[in-house]
Amino acid sequence: MKKIIISSILILSSLSCSNDFLENRVENAVLAEEFFKTEADAMSGTAAIYAFLKGWDNSAFPFQYVMGVTGDDVVKGSNPGDSSFINVYDNYSYTVSDAGIEGYWKAQWKGIALCNRVITHVPLIEMNVNLKNRLVAEAKFLKAYFYFNLVRLWGGVPIFDNIPENPSDFNYNIPRNSVNEVYDYIIKNLNEAADVLPLSYPASDLGRVTKGAAKGMLSKVYLYKKDWQKAYDTSNEVIAMGYSLDPNFNHLFRIEGEFGSESVFEVNNQCTGAFGGSQYAQVQGVRNQFGWGFFTPSPALENAFEPGDIRKELTILRNGETTPEGDLIAMQDPLSVTTFNQKVYVPKSHQTGCDQGSEQNIRILRFADILLINAEAANELGNISGAATSLNKVRNRAALANTTASTQATMRAAIWQERRVELAMENDRFPDLLRTGQAATVLGPLGFTSGKNELLPIPLNAINDSNGILTQNPGY
Amino acid sequence: MKQRDLKYSCLIAVLYFGMNVNAQTAPKDTAVKEQKIEEVVLIGYGGQKKLNITGSIGTVSAKDLADRPNSNPMSSIQGKVSGVNIVNPGAPGVSPRVDIRGISSLNGATVFIVDGIITTDISYLNPLDIESMSILKDPSSLAIYGSRATNGAVIIKTKGGKGKTSFNFNSYLGVKTVPNVVDMVNKDQYIELYNEKLKYSGATSGFLNPNNYGTSTDWFKEILKPSIINSNDISASGSTDKINYFLSLGYLTDQGNLDAGQGINSGNDFKRFTSRINVTYKLTDKLTVGTNSSWSQMSRNNAVNPLLTAYSSPPIYDPINPDGSYGYQTLTSLANPRAQLDLTRDRNKENRYIINLWGEYKILKDLVFKTNFTQDNGDTSGFIFTNPSSYLPGNIDKSKLSKFTSNARNYVFDNTLTWTKNLGAHHLVGLIGTSAQEAKAYKLTGKAEGVKYSGDDGSLFLINGGTNMTVEETEVKTSRLWGYFARINYDYAGKYLLNASIRRDASNNFSEGDRSRWFPAVGLGWVVSKENFLADQNILSLLKLKASWAKMGNPDVPRSYDNRAIKIGGAYFGNTGIDGYSTTDIYDLNIGWETIEGKDAGVELGFFNNKLTLEANYYRKDSRDVVYPITQPAISGASNKLTTNAFSFYNKGFEFNLAYNTNITDKIKFGVYGNLTTLDNQITSVYNNSFNETGPYLFGNTITRLEKGQAVGSFYGYNVVGVFQNQAQVNSAPTYSSVKKQVGGFMFEDRDGNGVIDSRDKTFLGSPIPDYTYGFGFNLSGYNFDFAIDFQGVQGNKIYNYNREQRYGNESWDLDMYKNRWHGEGTSNTNSAISTDQQIIVPSSFYVEDGSFFRVRNILLGYTLGSDFTKSLNIQKLRVYISAQNPWTSFKYNGFSPEILNSDRVQMGVDNNITPISAIYTLGLNLTF
């Protein structure tokens, strides 16, 4: 018996393991807790935000639904049966369960999360202090941009300033902040960013946000807040930085015209290597020739241009026309609309190896916009001649004579009209109509309900997930 | 003894010393009057007499697997074992899914223990090498395998030899066809529907004229063809007093039914060469060593599955034009199915070799030590090459080449000590053992564009004129497991049974602190028929009651240290790209083991000397802390859903087995069997009362939803209550939001009664889990003939016809839709009008169909040549047979087949381009000499 016991224990003891055998080993992948430790991590973390700006939700469908189709200048496009769910944005019949609105909502929050990770973690990295501060400033600008989108479309939303140690414990379920609180937060971030960001970058960093972009965006935010003095002062700061209008309106929107003197903030797309670009141009490209043919000019836009305005034919791309670059526009769907957004047209010559315009940059802020902001702010402060100076620069570039407006009211109307035709098809019209209080009159005939459609509905899933903490916008 | 070993040895010592076997003598076994069920069943690290089993184990013998045209042995037992649901693939070389008593977990798969190696992939195994299989169904049987076996386990023992050397040659040749091809509309009907759809959308022009289109293409005829399955197998086996051996070689060719092999495509088939050497050598009286090693080489020619494209393609153009170019159309953005098949070349080769060495040493007469070491290696390499689909006008695609090489190495090292003690009527077998396992996997993939194919696979090198070359390395993942276990099998006079085991597993999948778990199991049995009060009767030859309970755990779950920095595309600054990475995944830092608790109770009955046997079992398995994602509020910006121990669900039901075998005359044998399994599966709780909508995603709507109170994989969408017949009905209906109401469109139910139809009106539409599964059959043999027929069926499950739902433009329609569509007031209240409006195509009860089916699974007729004749040729036995597998299936579902194989259990009921099952007609022969 003893022999049995000893022999069996001996046998088994020789086979017992050490703790090393069970030590967990992970190879060739970066654990989340080991990220944001080096300069390369900081660069990657910031690159992630820029990469996200090119994504589907921020550049293609959801972005265009809420910022484009909702205006009176853009219609769904393509043929009637295609993606007919987009019609709800044309006639304001979307409800709390709309998937496109939810897509854009989620995308802004994802962007804010990416920014917060950089803002929280990068300052703790041991690296070049200037580079570190600049990257954090870039993230602050981009966070302000995402919040600007949220507050313009939905009103007050919860403010998340940073993220905690264990993200899965964090309570995201807080009530909505007020519209003013959100605007103040945006302004704070833009100011902090502007303090640090450089005026310009070497060619190898082209595409990053500059001081001009931060100040430019700030002036736009002040405009929305109706803080005319600050809007005027900030836009003057930007004007003093040396931007200028591209004399050739067509060149402004082509690949060759990217990052020109007029560019204030532009999302850089390329299609080399593994990165691809964005679908921004593809979804709006001529149907079945250069793209899917969505988000096209409306008949109202056709009639909005003054006679002699060169921008009309350079904004509206027509089936059957031959472009200045030599392409004959021939869409391949007999049931589709026949006009398309020429600002995102990418000539055939640029399409070899680069699918359907994926390298087209997304122009978020241009100097023309800054000039118009400057004009409007000046006008509201009573400075009619100052307003005229800025306004005329934009008009003259479009081969139009100086404005004939001479009173504050007529100047205001002229500036609003100029914004419409200068920034047509650039996802500015709808927020602009809301800002200027014109939405009910201009969009009412299209189905816009006053007292309700000034804000988008908070998505139903978000309301449910919050267990009642988030309150819905009125009317939904 | 070393200090550290005391830590682990404690329990073993306790158990060992605690075995208190009294020396009192028990009454001798009375002479048995009933037929003893002497069959020995594999139970993991050993065997046990069937009569002494207290758990639920399904047994399959070599005979059940013979003469079946299936490359995977699990396919052949479909419908034969209660509690086991097999879902078979349509494509060759793909493994079937094995569900044992429902769905235990959302992670992991059923494991196979083949001569000691533990694997989830037995595609390398020649079914004819198998001597017996034990399917462990209840946790008390599985607990001995610890954490690897939470989804069930199948123990497979390969053949040995016995007696004089004999050779076995088996060969079969089968023809495979697709028995149920969906009828689609022809050219004229398609154009009729196209024009009708236009008319409803209010168009006044753009109608198609049938005279402009010459051909009416039957796409399925174009891409499907009958094919062949052929297998040849030879084995030699025998034994002497020292050596026992079994050697085999086999070659199988299994072709799929896709009409592949044209253009650059290399075909649609699975070829497998298998070889095996099983040798047992008795070195001395006490020491025996052996090996069970095999080498298999499998090569696959994969063809792109064009079924959905063929289902959706308008039948109005030729696959190939008279000038040899591929046809195309611009009504949809669908590829030409013919071109889809022809333009992709996808081949891979897998080498799987398993080396197993074991030794058994009889320390004492009744104390045996066994060591078993197995190394399982798999090396696979292959490529996928797609030629530019240059038949589309203006298309400037580049060719795409992707090559990969991967390998996997698994080791299992088991050591056991078995002690057998019989003291009068007490019989005891005690087992203690350890198991160390390691699994390593690695994969390297390279991609390039622009490589030109010269006609020779040798030209497909990434560097050959390729652009955009990228290389991706999958992490080398090392999984390790260390377990030790103990078991006792005790019976008193064969009447009172006790089986108990305990196992402790520690896995490196966890951080320290929660690394190990204990798995206890206990089973009790009472063979009532051995009692004296049942001694004097001739009818009930067996009455046995049994019950068992066990706990198991599953460590193979995503863990918090699986939380990686994730790639968010790349951004450009100037002309340089920088990869974007961030840490926006959210993981619970404290994810623990999944646990399963199982209860089992049953009765076994035998009548007339066990000619007739009946068995009834009740089972219940509770899965807790199942790790799977749940929705995360979007406002957190998380990239993923929160992964945590979120779900609990149960599987419960009954199993019934019946078998009757008798000799009608002394020359004619007859047997009949039947089994029925009921299954009730339900999610009992979800973390934070949350839910998860997952699976395929169309126009912003998902189809399946995991939520408390529902079966796993349930479908979720709008409930259709009718079709709008006229404008008045549309006007009086509630407001439709994100969905559209129009004449001819669906009427959805306003479930919350608020006058608006939106996502709040979605509801659960059905479950893919069958209420019950069954199989039965009978066999008859005599006068050199043998005949067997098997039936099998599944009842009460639903299938989501996702093929029918996916429409983006002018796809084709099935004939059933054509016939039953709405095309005027009063023409239909079930099918909508033809539409591709993406606000009408939403997940709804219209696409949820009855998935029940009943089929003739197999018919077999064999003839063994007269023994006098064969002996004159020095042959022991020559038998020829013909068989038909799946010749006839009865089902209501509007698809190819109601058998949907989706390895993702959450999507198991969604028919999304699933390859249909074939009917196989076979001629075969068995030769023994």
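Keep in mind that this is a model prediction, so the values were computed, not measured. The sequence lines fix the lettering, A, B, ..., with proteins before strands; numbering per chain opens at 1. These values consider heavy atoms only, across backbone and side chains, with no hydrogens, waters or symmetry-generated copies.
- Among all heavy-atom pairs drawn from B:Ala571 and A:Ala51, the shortest one is CB-N, 3.8 Å.
- Atom OG1 of B:Thr584 is separated from atom CH2 of A:Trp109 by 15.5 Å, given to the nearest 0.5 angstrom.
- Rounding to the nearest 0.5 Å gives a distance of 9.0 Å between CZ of A:Arg176 and CD1 of B:Ile635.
- For A:Pro158, the part lying under 4.5 angstrom from a heavy atom of chain B is the side chain only.
- Neither the backbone nor the side chain of A:Phe259 comes within contact range of chain B; no heavy atom of the residue lies under 4.5 Å from a heavy atom of that chain.
- Heavy atoms closer than 4.5 Å to chain B are found in the side chain of A:Leu470, but not in its backbone.
- We find the CD1-CG distance between B:Ile568 and A:Leu114 to be 5.0 Å, quoted to the nearest 0.5 Å.
- Listed here is the closest heavy atom pair of A:Asn269 and B:Tyr572: C-CD1, 4.5 Å.
- For A:Ala203, the part lying near chain B is the backbone, with the side chain staying farther off; criterion is any non-hydrogen pair under 4.5 Å.
- No more than 12 heavy-atom neighbours from other residues, nucleotides or ligands sit within 6.0 angstrom of NZ on B:Lys447.
- Taking OH of A:Tyr50 as the start and CD1 of B:Ile578 as the end, the distance is 10.0 Å to the nearest 0.5 Å.
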Problem set entry | Trace of the side chain to side chain contact (heavy atoms under 4.5 Å, CB included) decision for B:Leu198 with A:Leu335 | CA-CA 10 Å; B:Leu198 259 193; A:Leu335 299 172; 4.0 Å; yes
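- Looking only at heavy-atom pairs under 4.5 Å with chain B, the residue among A:Ala113, A:Ser44, A:Pro80 that has the most is A:Ser44.
- When each of B:Gly206, B:Ser636, B:Gly569, B:Ser582 is checked for heavy-atom pairs under 4.5 Å with chain A, B:Ser636 comes out on top.
- Remark: aromatic rings of B:Phe573 and A:Tyr201 are distant, center separation not under 6.0 Å.
- Using a 4.5 Å cut-off between heavy atoms, A:Val96 touches chain B through its side chain atoms alone.
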